[in-house]
Participant: 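Take a look at this one; I'll ask things after.
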Amino acid sequence: MNTPSVRMIASWNGLRAVAVAAEGLASGAPLLDALVKGVETVEDDPDELSVGYGGLPNEDGIVELDAAVMHGPTHRAGAVAGVRGVRHVSRLALEVLRRTDHTLLVGEGALKFARALGFPEESLLTDRSRKAWLDWKAELSTRDGWLSEAERRGLAPGAFGTARWAGSTDPARSSAVPGPGDSSTPPSAPFTYGTVHLSALDGAGEVSCLTSTSGLSYKIAGRVGDSPVVGAGLYADNAVGSAGATGRGEAVLQVCGAHAAVTRMGAGDSPTEACLWVLRHIADRTREKRLLDGNGRPAFNVTLYALRKDGAMGSASMHEGYEHVVLDERGARREPCAFLFERPRGV
Ligand code: GLY
């Protein structure tokens, strides 16, 4: 039998992570340790606004992190959610898998577990993420005491001017759907559902995966998305392959996205077909007007990543224009995602 070569697929922000993970594997590290080592480079990056240190905080200005790992050979998973003050949550998730009989620890309990293991605690806000949060607060409403940038500079009526108390006239703020940023585009606007996902196949033909995120920016404290939920933000079945998701977690949770992608591959879909199937399912089940654009399509993005046991890989986004990372014998690189909906031309 041919020994399969190492394959990895990741979200756009996982370029360095896959390279570091591949080095770890080459030097003999177990697959999940190698993946954690790779993703720690993203969790350490202060400029990555959607993961780890420097991730955008919740509405109270506190960073809450979620992460999960899943190990194909044992079909076991470990996950943590709503963790404050610990940046390496993917390692913490791996400790849940290895040291406990449980799968998911949340909030205070997860922090207590991290303290017991000696994980360092720190503020995860950077100057950049604090400024983004303050700007978000200031722009959020004209009915609170926070002055927007325009008001501070005297370019807009102040707290006692008519516009301020008449309510926001900014149409962007009338939408309940956050901007399009997610892990498939470099973060430009400080608003994100971004996440890092990594699915991998090692030289022994075994699959595993990992997802880590600070979740939806400015979320209500305690909100947890798809990333740490096995079957939603990630799933691995050693007989079939591995998959993960980034983007609007609520949409992925409601269709068990990663599990659906692996199930579709098991039924014969290629990885790209499996990802597109999940996206069609999300689009079909998204019924609320507030979540749809003028063409009745989801106004948010989700990207799926899938890796089959034979080494085939594929990724697809709800909308055109997103990228993912692959690693194979030609090295690590970004490639365009397949997509469900074309970007409107001439816009
Ligand atoms: N996909 C990340 C989140 O929604 O939290």
Participant: Examine Leu15 and Val36 and state if one hydrophobic cluster contains both, with Ile, Leu, Val, Met, Phe, Trp and Tyr joined whenever side-chain heavy atoms are less than 4.5 Å apart.
Facilitator: yes
Participant: Over all heavy atoms of both residues, which pair between His324 and Tyr305 is shortest? Give the atoms and the distance, please.
Facilitator: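 Minimum heavy-atom contact is CB-CE2, 3.7 Å.
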Participant: Can you establish whether the number of heavy atoms outside Arg223 located under 6.0 Å from its atom CZ is more than 12?
Facilitator: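 Buried by this count: over 12 neighbours within 6.0 Å.
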Participant: Got a donor-acceptor contact below 3.5 angstrom from the Glu64 side chain to the Gly222 backbone?
Facilitator: yes
Participant: Return yes if some donor-acceptor pair links the side-chain N/O of Thr246 with the main-chain N/O of Val196 below 3.5 Å, else return no.
Facilitator: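 Answer holds: no.
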Participant: Assess whether atom CG of Asp284 is packed by more than 12 heavy atoms of other residues, nucleotides or ligands within 6.0 Å.
Facilitator: yes
Participant: Carefully, step by step, assess Arg333 and Asp328 under the rule side chain to side chain contact (heavy atoms under 4.5 Å, CB included).
Facilitator: CA-CA 9 Å; Arg333 60 195 176 278; Asp328 58 16; 2.9 Å; yes
Participant: For the side chain of Asn238 and the backbone of Val207, is there at least one donor-acceptor N/O pair under 3.5 Å apart?
Facilitator: yes
Participant: Assigning hydrophobic clusters by single linkage (Ile, Leu, Val, Met, Phe, Trp, Tyr; side-chain heavy-atom cutoff under 4.5 Å), is Leu104 placed with Phe113?
Facilitator: no
Participant: Do the side-chain N and O atoms of Ser315 and Tyr322 include a donor-acceptor pair separated by under 3.5 angstrom?
Facilitator: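 No, Tyr322 and Ser315 have no side-chain donor paired with an acceptor closer than 3.5 Å.
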Participant: Is it the case that atom CZ in Arg76 sees more than 12 heavy atoms from other parts of the structure closer than 6.0 Å?
Facilitator: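 Yes, because the 6.0 Å sphere around CZ of Arg76 holds more than 12 heavy atoms from other groups.
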Participant: Using modelled atom types and a 3.5 Å cut-off, is there a donor and acceptor pairing between side-chain atoms of Arg7 and backbone atoms of Leu201?
Facilitator: no
Participant: A side-chain contact here means heavy atoms from C-beta on lying under 4.5 Å apart; do Asp45 and Thr41 qualify?
Facilitator: no
Participant: Nearest 0.5 Å please: distance from the NZ atom of Lys137 over to the OH atom of Tyr218.
Facilitator: 11.5 Å
Participant: Which residue, Cys209, Pro271, Ser208, forms the side chain to side chain contact (heavy atoms under 4.5 Å, CB included) with Ser242?
Facilitator: Cys209
Participant: Checking Ser214 side chain against Gly52 main chain: does a donor-acceptor pair fall under 3.5 Å?
Facilitator: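 Answer holds: no.
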Participant: Linking I/L/V/M/F/W/Y whenever any side-chain heavy atoms sit under 4.5 Å apart, do Leu105 and Leu32 land together?
Facilitator: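 No, it is not one cluster - the side chains of Leu105 and Leu32 are not joined through contacts under 4.5 Å.
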Participant: In the single-linkage hydrophobic clustering (I, L, V, M, F, W, Y; side-chain heavy atoms under 4.5 Å), do Leu124 and Val39 co-cluster?
Facilitator: no
Participant: One pair to check against side chain to side chain contact (heavy atoms under 4.5 Å, CB included): Glu250 and Phe300. What are the steps and the verdict?
Facilitator: CA-CA 11 Å; Glu250 283 74 6; Phe300 53 84; over 6 Å; no
Participant: Side-chain contact test, heavy atoms from C-beta onward, threshold under 4.5 Å: evaluate it for Leu279 versus Leu304 and give yes or no.
Facilitator: yes
Participant: Could you check if a side-chain atom of Val18 sits within less than 4.5 angstrom of a side-chain atom of Leu198, using non-hydrogen atoms only?
Facilitator: yes
Participant: What is the minimum heavy-atom distance between Pro30 and Arg98, and which atoms define it?
Facilitator: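 Heavy atoms only, the tightest pair is CB-NH2, 4.5 Å.
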Participant: Do any N or O atoms from the side chain of Lys219 and from the backbone of Gly225 form a donor-acceptor pair under 3.5 angstrom?
Facilitator: no
Participant: Give the C-alpha distance, both sets of side-chain angles, the deciding distance and a yes or no for side chain to side chain contact (heavy atoms under 4.5 Å, CB included) between Leu35 and Leu31.
Facilitator: CA-CA 6 Å; Leu35 297 191; Leu31 181 54; 4.2 Å; yes
Participant: Any non-hydrogen side-chain atom of Thr286 less than 4.5 Å from a side-chain atom of Leu292?
Facilitator: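 Thr286 reaches Leu292 side chain to side chain.
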Participant: Could you check whether His197 and Thr195, counting side-chain N and O atoms only, form a donor-acceptor pair closer than 3.5 Å?
Facilitator: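 There is no such pair (donor and acceptor under 3.5 Å, judged by atom type) between the side chains of Thr195 and His197.
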Participant: Would you list the pairs meeting ring-ring contact (aromatic ring centres under 6.0 Å, His included) in which at least one residue belongs to residues 234-264, sequence neighbours left out?
Facilitator: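 Pairs touching residues 234-264 that pass the test: His75-Tyr235, Tyr235-His259.
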Participant: Looking at every heavy atom in both Lys131 and Asp135, which two are closest together, and how far apart are they?
Facilitator: NZ-OD2, 2.6 Å
Participant: Which distance, rounded to the nearest 0.5 Å, do you find between the CH2 of Trp133 and the CG of Leu125?
Facilitator: 7.5 Å
Participant: Nearest 0.5 angstrom please: Asp44 CG to Arg87 CZ, how far?
Facilitator: 5.0 Å
Participant: To the closest 0.5 Å, what do you measure between CE (Met70) and OG1 (Thr103)?
Facilitator: 8.5 Å
Participant: Taking side-chain hydrogen bond (donor to acceptor under 3.5 Å, both in side chains) as the definition, give me every residue that meets it alongside Ser129, ordered by chain and number, with sequence neighbours left out.
Facilitator: Thr126
Participant: Indicate, with yes or no, if Leu307 and Val240 share a hydrophobic cluster defined by side-chain heavy-atom contacts under 4.5 Å among Ile, Leu, Val, Met, Phe, Trp and Tyr.
Facilitator: no
Participant: Using atom types as modelled and distance alone, determine if a side-chain donor or acceptor of Arg330 lies under 3.5 Å from a backbone N or O of Leu327.
Facilitator: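 Side chain of Arg330 to backbone of Leu327, a donor-acceptor pair under 3.5 Å: no, none is there.
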Participant: Specify the closest pair of heavy atoms between Ala245 and Ala232, including all atoms of both residues, with the distance to one decimal.
Facilitator: CB-O, 4.2 Å
Participant: Answer yes or no: is there a donor N or O on one side and an acceptor on the other, between the side chain of Asn295 and the main chain of Arg297, under 3.5 Å?
Facilitator: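 Side chain of Asn295 to backbone of Arg297, a donor-acceptor pair under 3.5 Å: no, none is there.
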Participant: OG1 of Thr303 to CD of Glu323: how many Å apart, nearest 0.5 Å?
Facilitator: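 Output value for this atom pair is 11.0 Å.
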Participant: Go through the steps for Thr213 and Thr211 under the test side chain to side chain contact (heavy atoms under 4.5 Å, CB included), then give the verdict.
Facilitator: CA-CA 7 Å; Thr213 189; Thr211 304; 5.5 Å; no
Participant: Do Asp33 and Lys37 pass the salt bridge (charged side-chain N to carboxylate O under 4.0 Å, His left out) test, and can you show the C-alpha distance, the side-chain angles, and the key distance before you say yes or no?
Facilitator: CA-CA 6 Å; Asp33 294 85; Lys37 197 109 192 108; over 6 Å; no
Participant: Looking at Ser212 and Val89, what are the two nearest heavy atoms and their distance?
Facilitator: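 Looking at all heavy atoms of both residues, the shortest contact is OG-CG2, 3.7 Å.
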Participant: State whether the side chain of Glu43 and the backbone N or O of Ser90 hold a donor-acceptor pair below 3.5 Å, judged by distance alone.
Facilitator: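 Flag set: sc Glu43 to bb Ser90 pair under 3.5 Å.
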Participant: Kindly give the heavy-atom pair with the smallest separation between His319 and Pro298, and that separation in Å.
Facilitator: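 Answer, listing the atom of His319 first, then Pro298: NE2-O, 2.8 Å.
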Participant: Does Ile62 offer a backbone N or O that forms a donor-acceptor pair with the side chain of Asp60 under 3.5 Å?
Facilitator: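 Side chain of Asp60 to backbone of Ile62: no pair is present.
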Participant: If the condition is salt bridge (Lys or Arg N to Asp or Glu O under 4.0 Å), which residues does Glu121 pass it with, not counting sequence neighbours?
Facilitator: Arg115
Participant: Salt bridge or not between Arg91 and Glu40? Use side-chain N to carboxylate O under 4.0 Å.
Facilitator: yes
Participant: How long is the span from the CG atom in Leu117 to the CG atom in Leu92, to the nearest 0.5 Å?
Facilitator: 7.0 Å
